[in-house]
Amino acid sequence: MAEATAAEIPPYRYDAQLAAQIESCWQDRWAASAIHETPNPVGLLASEQDSADTAGKLFVMDMFPYPSGSGLHVGHPLGYIATDVYVRFKRMCGFNVLYTMGFDAFGLPAEEHARQTGQHPRANTEANIDNMRRQLDRLGLSHDKRRGVATTDVDYYRWTQWIFLQIFNSWFDSDTCRARPIAELVEEFSNGVRPMPDGGRWERLSSAEQRQLIDSHRLAYVADAPVNWCPALGTVLANEEVTNEGRSERGNHEVFKRPLSQWMMRITAYADRLLQDLELLDWPESVKTMQRNWIGRSEGALIRFATTGGAEAPAGGSVAPAVEIEVFTTRPDTLFGTTYMALAPEHPLVDQLTAEAWPDSAAESWKGDAATPRQAVAAYRARAADMSDAARGDSKTGVYLGVNAVVPFSNVAVPVFIADYVLMGYGTGAVMGVPGEDQRDHDFAEAYGLKVIRTVQPPADHPEHLAYTGDGPSINSLFLDGSNVAESKALILQRLQEADAGQSVVNYRMRDWLFSRQRYWGEPIPIVFDEHGPVALPEELLPLELPELMDWAPRALARDSDPEPPLGRVNEWLDVELDLGDGLRRYRRELNTMPQWAGSCWYYLRYLDPTNPEVLVDPEVESYWMTNSTNGPEVGLEGSGGVDLYVGGVEHAVLHLLYARFWHKVLYDLGHVSGPEPFKRLINQGYIQAYAFKDSRGVYVPADEVEGSVEAGFNHQGHPVTRELGKMGKSLKNSVTPDDMYVSYGADTLRLYEMFMGPIDQDRPWETRSVVGSQRVLQRVWRNIIDESSGELRVSEDPPDQELLRLLHRTIDAVSRDMEAMRFNTAIAKLTELNNELTRRGEPTPREVADVLVRMLAPLVPHFAEELWHCLNGADAHSVTQAKFPVADAGLLVADTVEVPVQLNGKIRGRVTITADADEATAVAAALAEPNVAAHVAGRELRKQLYVAGRIITLVV
RNA sequence: GCCCGGAUGGCGGAAUUGGCAGACGCAGCGGACUCAAAAUCCGCCGCCCGUGAGGGUGUGAGGGUUCGAAUCCCUCUCCGGGCACCA
């Protein structure tokens, strides 16, 4: 059978076998000649050769992958292929392009996978990286291999720790709105330039108090806060890592709020800058919107309410100081519609406020069936604590504290409740209940029989049972009456300020970033503790290496257990004797590690100067690659700096991309980078989807074992199954691996197919049976240049005729523009059209055409093009990588004559061929002479005529 | 509920942003070559009427602007994504 096959298939046909030979041959030669290595302007990676003739620099990146170990499917490399095609194109246009790929190897995914396979995370991670490298190398990606860092490299995380120390040793100066070294804060406090928060004097504080004050200003700080504890993962999680349903983003496990002492990053200090600087970025609008929503800026007012009644004076004390409740509201204009007050159950004032006994005014429904307010509060709190945030969702419940609050100006007393629907985490954890203008408050008021006072006049047809949130004149509002919402807001704010009862304020939804993880596989935090708190390790002690632990798995997996960092199991590591300036002393190490996001916050910077032992990145190298003002005609986006093009999945819209922007801004403030933003242009590549099949029980069956068709129905081992479209992956049993495609078609065919499937940012369904189309295209190109049976060139030395030459240059023009705009699907279509014309002619291809065609194909199918390039130019020729991308001859783009459609009363009635520079009269005359047009005009009077040059002739009769 | 995207042949998609709807590919149909099949090459391929030339109709639905609308405006339907007691 093998013989028969060999006899039938021409020996030099471009098939999977030949493709594999070509691909491995050229990959070896490219590697040997270091052809993809990109020089830096200075430093260890500078080149001796002068590279002055380049068109400029370009820094292109993919979001680096987690080496998760289950290997790649064909959906993973979509973005990588796209960047590689673009990078190769730009190199051929003369750009000095930085392009490489690293691995995000610390963190939960890698450790969870290691846990499942039982291997040590380091061994597992290294094996996974090797496997992924092999799969990716096979695609022929033109990475500069010298620059591909892994976040788990000691040489890399040494600098992650260094950045942590930079952040720890900084504070946010809200006057200048930027981070400054902590030493400057100490200086300002001690020399009196900056007033102390409590009005005291720096020298009067003990050294422990001084440290406490300073520590409370740091951008990285330890705080006791309610955090997201995920027992199943054995760690706490950032808000960004918890889903709306109150479960872990990774693994979908239960998450509970519990107070713990944890490392936090003061990202909230940067909320406004993170928001404003989005304007500088060329990012998808949807990602910007997600970040805006996450930051959640809202303008409103803080209003203070006095309270009456309530708890008696503390034992032994005199009179209890008047307790004030502070609320945040975006609608201060509705103040006089306040008919109750509601606090979060966890609100710190609740204990002070709660009365000993129910006052006479208390309605039965407010008491929660309890004998005293304290009992009611205790019962209600116990119930609330047991529920996740999400579960607290739907109900509108609460209990009365037995105490009243007083509305400023009107002096109306309103009852104070604690209520589920008020969240401690937003605003002040207390709201003024305004049933007239807020639907949630309206629901609550209805449930507890509270009054509804409208303070904005609703339209006549507004239903009685609904809150009115629109604009209108204020009513029932004393001095606000008659003003509209905006006017009333301004007016009440002014009066509140004068009365010292409130002020305008900006509130954010975003919280500080919880930075500790009770996990082994992460960067150790370079901090030790003495009896007063955290002490930074000096830079000389970096890297602080992660100890090799055999017993690394998390243990605390029960719901009520406490987090237990694995690093605490190593006694000799836990306690350490150091001389940090005060002589040799014992310290206790920080046992938590950094979250998965730490390493990915700055890897793009290390790509620039990966081997620099002195600094994170040489400033000259950094500003060379990260300044993009000279590059591209974009208006209004200059000055952000950053990676020229960043491609990755939309799933990182708020996590990685927000954290990285935050770190970059801190580094910018401290003078370590030259611009305020890390990624100037962002593209989210779409997902590759695939059909998945379910049997009658609803269980997924392997998609590659399913037979049948849409018409005939699908079946698996004789049983009918149903088809659906979903994300490719193990869970849907619908993965197709690149390795499968390499065996059947070769890497270049896979590249071409993935780029041809559709626009880069669109989801698209994978169809293995369509891949053959891309292979056939390459086979036809091959046949137009190489004789399949002899392997000889099929190229003529004659110049192409005018018609072919014009087609060639039209193709160059269109393909260049498509490549620049990353519209690879249409670029491929146009190349296919040109090649189809060559096939149609059936003659040997003119060398000039073959040469240009091969160069245009080189970015898309680099091995294939390299092979043909050397067939055309001899084995000793330089690489097609170093050839110039063809430039269209403008003179050949305009034809002498054009065929123009004729539109009569809105319908196309024919086509006429006229000279390209014909005027309207000539064009219309030609149109009227066209038989079919003439027949339709049939003597009627021409009412209107129009000629859009080269496009259309429009006639109206 | 709010905010973004989408919807074009049997399928993936194209249309220079208001100017020939369906490029290119898959699938399908017909032909050439072949003893035959595969491969290759040539042709057809939205729907309806017509032998044909051609005519009608057609870009989720309805309306509008325009000489001209897949593209702009209004109303609606469906699909995908994000946010959601955020005071």
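This structure is a prediction, so every number in the text was calculated from the model and none was measured. Just so we're on the same page: letters track the sequence lines, and every chain starts at 1.
- Rounded to an integer number of Å, the gap from Leu658(A) CG to G82(B) C1' is 15 Å.
- Nucleic acid contact class of Asn836(A) (heavy atoms, under 4.0 Å, all strands): sugar-phosphate only.
- Each salt bridge (charged side-chain N to carboxylate O under 4.0 Å, His left out) pair with one or both residues in residues 502-513 of chain A, not counting sequence neighbours, would appear here, but there are none.
- At a threshold of 4.0 Å, the pair Glu820(A)-Arg817(A) does not count as salt-bridged, since none of the basic side-chain nitrogens sits closer than that to a carboxylate oxygen.
- Nucleotides of RNA chain B nearest to Gly427(A) and Glu899(A) differ in position, and the one nearer the 5' end is that of Glu899(A).
- Residue Arg292(A) is classed as having no contact, given no heavy-atom separation below 4.0 Å to the nucleic acid.
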Output, in order, the C-alpha distance, side-chain angles, deciding distance and verdict of side-chain contact (heavy atoms from CB on, under 4.5 Å) for Val456(A) and Asp333(A). CA-CA 9 Å; Val456(A) 179; Asp333(A) 60 297; 4.2 Å; yes
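- Listed nucleotides G13(B), G68(B), A87(B) differ in distance to Tyr426(A); the shortest reach to its side chain belongs to A87(B).
- Mapped onto RNA chain B by nearest heavy atom, Asn932(A) and Ala430(A) fall at different nucleotides, with Asn932(A) at the one closer to the 5' end.
- For an aromatic pair to be called close, the ring centres must be under 6.0 Å apart, and Tyr687(A) with Trp766(A) fails this.
- The stretch residues 808-822 of chain A has no heavy atom under 4.0 angstrom from RNA chain B at all.
- Separation of the P atoms belonging to A84(B) and U77(B) is 25 Å when rounded to the nearest angstrom.
- In this structure, G9(B) shows a glycosidic angle within 90 degrees of zero, which is the syn conformation.
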Would you tabulate the side-chain donor-acceptor contacts of residues 947-957 of chain A under 3.5 Å, counting partners in other chains and residues two or more places apart, or write 'none'?
| unit_1 | atom_1 | unit_2 | atom_2 | d |
| --- | --- | --- | --- | --- |
| Tyr947(A) | OH | Gly950(A) | N | 3.0 |
| Thr954(A) | OG1 | Gln903(A) | OE1 | 3.3 |

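- Here U17(B) is in the syn range [glycosidic angle within 90° of 0].
- Using a 4.0 Å heavy-atom criterion, one finds that Val956(A) contacts the sugar-phosphate atoms exclusively.
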